[in-house]
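Have a look at the structure below, then the notes.
In listed order, ligands and their atoms are each counted from 1. Predicted model, so just to flag it, every value in this text is computed and none were measured.
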Amino acid sequence: MLQPYFEWMENLPLSNTIRDSVYIYSVDQALHLVFLSVFAGAVLIVDLRLLGRGFSQQPVAQVAQDAQPWMMWGFLGLFLTGIPQLFGTAMKQYYSPMFWLKIDFLSVAIIYTLTIRRKVAMADETRVGPLWGKVVGFVSIVLWAGVAIPARLIGLIS
Ligand code: HEM
């Protein structure tokens, strides 16, 4: 169903330029990983706090609020550096089960982070209780790992 769109992406002059340039593609890929570190750091700091593994001097809501701009800018960077890679290798991605697994996890992880996780992280800790905090932090780590691991496997499993 989406094949014509991927073929369109693959055949754009810009996509040819990205694909044919060793430097554009590799610098973009490196930047994707830089933004991944920023984003993953911001996500993990809150999840570890929810799990009760550190930063315990500060309330969860405070940690979540401080981490939020890093998470948002990190994600924007991931998106902006992910799109050129997608355009440059569109048909490879289209035929890669790992790419679609990454997209599936990404959709669920985004919704989860913006709804349940945000609500629990920002809530009064005495009302949420430590068990729910732990469950929410753990699920968040599993979902984002579910994005990153297939993403890494795209290049290894075809
Ligand atoms: C937001 C939209 C995103 C797009 C459009 C995107 C797109 C891509 C593409 C096309 C690749 C190249 C895969 C390959 O051919 O090897 C890639 C690599 C990768 N992405 Fe993303 N990505 C996005 C977000 C993310 C997020 C949120 C994460 C992690 C939480 C992530 C983690 C990675 C990793 C680990 C790699 C492998 C890098 C490598 O093997 O050198 N990406 N991404």
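Nearest to atom 5 (C) of ligand 1 among the protein's heavy atoms is Gly82 C, 3.7 Å. For atom 34 (C) of ligand 1, the closest heavy atom belonging to the protein is Ala151 CB, 3.4 Å. From the protein, the heavy atom lying nearest to atom 3 (C) of ligand 1 is Leu78 O, 4.1 Å. From the protein, the heavy atom lying nearest to atom 30 (C) of ligand 1 is Leu36 CD1, 3.6 Å. Of the protein's heavy atoms, Gln85 CB, 3.9 Å lies nearest to atom 9 (C) of ligand 1.
The closest heavy-atom contact to atom 10 (C) of ligand 1, among the options Leu106, Leu80, Leu86, Ile154, comes from Leu86. Across Leu33, Leu153, Thr89, heavy-atom proximity to atom 38 (C) of ligand 1 is greatest for Leu33.
Formation of a donor-acceptor pair under 3.5 Å by the Arg117 side chain with backbone atoms of Ala109 is not found in this model. For Arg49 (side chain) and Phe55 (main-chain N/O), a donor-acceptor pair under 3.5 Å exists by modelled atom type. A side-chain donor-acceptor contact under 3.5 Å links Ser37 to the backbone of Leu33.
Applying the 4.0 Å criterion to heavy atoms of Ala148 picks out, from ligand 1, the atoms 35 (C). Below 4.0 Å from some heavy atom of Gly155 lie the following atoms of ligand 1, by number and element: 16 (O).
In this structure, Phe99 does not count as a contact residue of ligand 1, since none of its heavy atoms falls inside 4.0 Å of the ligand.
With atom 21 (Fe) of ligand 1 as the vertex, atom NZ of Lys102 and atom NE2 of His32 span an angle of 180° (nearest 10 degrees).
The side chain to side chain contact (heavy atoms under 4.5 Å, CB included) test with Lys102 singles out one residue from Ile149, Val147, Leu153, and that residue is Val147.
The shortest N or O to N or O distance between Lys92 and ligand 1 is under 3.5 Å. Checked against a 3.5 angstrom limit, the closest N/O atoms of Arg152 and ligand 1 fall inside it.
Trp73 and Phe39 have their aromatic ring centers separated by at least 6.0 angstrom.
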Does the side chain to side chain contact (heavy atoms under 4.5 Å, CB included) test come out yes or no for Phe6 and Leu86, once each step is laid out? CA-CA 9 Å; Phe6 277 73; Leu86 177 60; 4.1 Å; yes
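Across all non-hydrogen atoms, the minimal contact from Tyr112 to Val136 is OH-O, 2.8 Å.
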